[in-house]
Structure formats: C-alpha cells, structure tokens
Amino acid sequence: MPFTRIISPQGRSESELERISEVLHQALVSHFDVPEKDRFQVIEQPPKNHLLFDADYLSEKPRSAQQLLFQITAGKPRSDATREGFYQELTKQLAATVGQRPEDVMVIITSNSASEWSFSGGLSLPAALASKVSA
C-alpha cells in the first residue's frame with residue numbers, strides 16, 4: 001500500500017502523466033508485491049522555478065529541467081536488493097515509455113508501521129483490519 005507523490009515540473013501532458021503513473025504502479029506491483037488495485041498517488045506540477053535540484057549531485061550526467069521526483073511512503077521495509085530492482089525497472093520503463101532520462105529520476109522511499117496509516121473511518125490500519133475480521 002505505498003503512497004507516492006509524483007512531482008514533475010509544469011508542462012507535461014495529461015497523457016504523459018498517466019503513463020508515468022502507470023509505469024510507477026507496474027514497477028511497484030512487480031517489485032514491491034503491491035496488489036494491482038492498490039494505487040495511491042498524488043501528481044504535483046509546480047512551476048519549474050519551484051523545483052530546485054543540484055544538477056550534478058551523485059549523477060553521471062547533469063540533470064535537466066525535466067527532473068521527476070517520486071516520494072514513496074511504504075507500509076513495510078523492502079530489502080536493498082528489492083529497492084535496487086525497483087529503481088532500475090522504474091527508470092528503464094520511464095525511458096522506454098515517456099523518454100525520461102535516467103539522470104532526471106529521483107526516488108525517495110520511507111517506511112513506517114501499519115498503525116501510522118488510517119484509510120478511513122478514523123481507524124488505524126490494524127484496527128480497520130481487526131474490525132473486518134470480527135464483522
């Protein structure tokens with residue numbers, strides 16, 4: 001049940017944003033064992049001058065103005081190998097699908113516990129699951 005903020009500079013078409021969203025989701029499904037219908041994403045498009053990235057920091061080639069940031073909050077930790085596979089698949093598919101340069105893809109993954117999620121009704125995830133079992 002990862003939640004992702006996809007942050008891209010203004011100017012991308014709706015079609016391109018939909019493809020980016022789908023590439024992300026398929027990479028999560030294939031590498032993070034996320035159920036197919038489990039999609040929680042917000043796409044933000046601030047003005048280009050509101051996205052400030054060091055052009056050269058830990059990148060083989062300079063970043064461009066088309067930087068994409070994926071800020072993922074995952075409900076459980078994943079192994080280093082799983083995250084590396086996810087990063088590789090995501091950048092490879094973004095390049096193939098929307099022509100996104102790998103140097104312009106940044107991913108931040110944080111994990112937290114199930115009790116830090118409430119999907120509805122003012123119940124934490126464990127409480128919501130417990131109420132479904134007892135119903």
Side-chain angles (χ1 to χ4, degrees):
M1 72 187 139
F3 170 80
T4 305
R5 290 176 63 213
I6 302 169
I7 303 168
S8 172
Q10 285 179 347
R12 293 188 193 261
S13 69
E14 286 299 316
S15 171
E16 188 175 15
L17 292 172
E18 287 173 16
R19 290 192 313 265
I20 291 168
S21 169
E22 184 60 28
V23 164
L24 167 69
H25 185 65
Q26 290 308 314
L28 288 169
V29 168
S30 63
H31 289 276
F32 273 31
D33 296 323
V34 172
E36 189 66 39
K37 290 187 176 186
D38 193 355
R39 185 186 300 218
F40 297 94
Q41 301 173 354
V42 172
I43 300 172
E44 300 175 18
Q45 286 193 290
K48 288 182 182 185
N49 64 335
H50 288 200
L51 292 173
L52 308 174
F53 294 96
D54 183 319
D56 301 305
Y57 185 77
L58 296 177
S59 183
E60 292 180 18
K61 297 178 184 174
R63 291 176 181 85
S64 77
Q66 288 301 91
Q67 181 74 17
L68 265 178
L69 170 61
F70 296 90
Q71 185 179 7
I72 301 170
T73 303
K76 65 181 180 182
R78 272 47 179 213
S79 70
D80 288 345
T82 296
R83 287 190 303 270
E84 289 295 329
F86 168 75
Y87 301 146
Q88 292 298 314
E89 181 70 15
L90 180 64
T91 56
K92 176 181 157 188
Q93 292 305 320
L94 287 169
T97 305
V98 295
Q100 184 72 30
R101 294 173 62 234
E103 297 81 18
D104 291 334
V105 177
M106 183 175 176
V107 181
I108 302 168
I109 300 173
T110 56
S111 301
N112 59 12
S113 70
S115 64
E116 294 173 303
W117 294 78
S118 175
F119 285 91
S120 69
L123 298 173
S124 69
L125 178 57
L129 292 172
S131 70
K132 283 190 163 232
V133 170
S134 64

Exercise. Can you name the residues that form a ring-ring contact (aromatic ring centres under 6.0 Å, His included) with Y57, not counting sequence neighbours?
Worked result: none
Exercise. NE2/H31 to CD/E84 distance, rounded to the nearest 0.5 angstrom?
Worked result: 11.5 Å
Seminar exercise, completed: Rounded to the nearest 0.5 Å, the CG atom of D56 sits from the CZ atom of R63 at a distance of 8.0 Å
Problem set entry | Minimum-distance pair of heavy atoms, taken over all atoms of P46 and S8 | CD-O, 3.4 Å
Exercise. Are V23 and V98 close enough that some pair of their side-chain heavy atoms sits under 4.5 Å apart?
Worked result: no
For this session: Decide whether L17 and M106 are clustered together by the hydrophobic rule: side chain heavy atoms of Ile, Leu, Val, Met, Phe, Trp, Tyr closer than 4.5 Å, transitively.
Result: no
For this session: Could you tell me whether the side chain of Q93 reaches within less than 4.5 Å of the side chain of Q26, counting heavy atoms only?
Result: no
Exercise. Could you give the distance from CG (L24) to CG (L94), rounded to the nearest 0.5 Å?
Worked result: 8.0 Å
For this session: State, to 0.1 Å, how close S21 and R39 come at their nearest heavy-atom pair, and which atoms those are.
Result: OG-NH1, 3.1 Å
Exercise. If two hydrophobic side chains count as joined below 4.5 Å and joins carry through other members, does I108 share a cluster with F53?
Worked result: yes
For this session: Compare every heavy atom of E36 with every heavy atom of V29, then report the nearest pair and how far apart it is.
Result: CG1-OE1, 3.8 Å
For this session: Check whether any side-chain N or O of T91 sits under 3.5 Å from a backbone N or O of Q88 as a donor-acceptor pair, and report yes or no.
Result: yes
Exercise. Hey, what do you get for CD (Q100) to CD1 (I20), rounding to the nearest 0.5 Å?
Worked result: 6.0 Å
For this session: Indicate yes or no: at least one non-hydrogen side-chain atom of V34 is less than 4.5 angstrom from one of F40.
Result: no
Exercise. Hey, what's the ring geometry for F86 with F32, parallel, tilted or perpendicular (30° and 60° as the breaks)?
Worked result: tilted
Exercise. Between Q45 and G11, what is the shortest heavy-atom contact and its length?
Worked result: NE2-N, 3.6 Å
Exercise. Out of curiosity, H25 NE2 to S30 OG, how far, rounded to the nearest 0.5 Å?
Worked result: 10.0 Å
For this session: Would you mind reporting whether T4 and I6 have side-chain heavy atoms less than 4.5 Å apart?
Result: yes
Exercise. Would you say the side chain of F3 lies within less than 4.5 Å of the side chain of V42, judging by non-hydrogen atoms?
Worked result: yes
Do any side-chain atoms of residues 64-73 form donor-acceptor pairs under 3.5 angstrom with protein atoms, and if so which ones, sequence neighbours left out?
residue : atom : partner : partner atom : Å
S64     : OG   : Q66     : N            : 3.1
S64     : OG   : D104    : OD2          : 2.5
Q71     : OE1  : R5      : NH1          : 2.5

Seminar exercise, completed: S111 and P77 have their tightest heavy-atom pair at OG-CA, 3.4 Å
Exercise. In terms of hydrophobic clusters joined by side-chain contacts under 4.5 Å, are I7 and L52 together?
Worked result: no
Problem set entry | Heavy-atom donor-acceptor pair, R12 side chain to Q10 backbone, under 3.5 Å | no
For this session: First locate atom CZ of R78, then atom CG of D33, and finally report the distance between them rounded to the nearest 0.5 Å.
Result: 7.0 Å
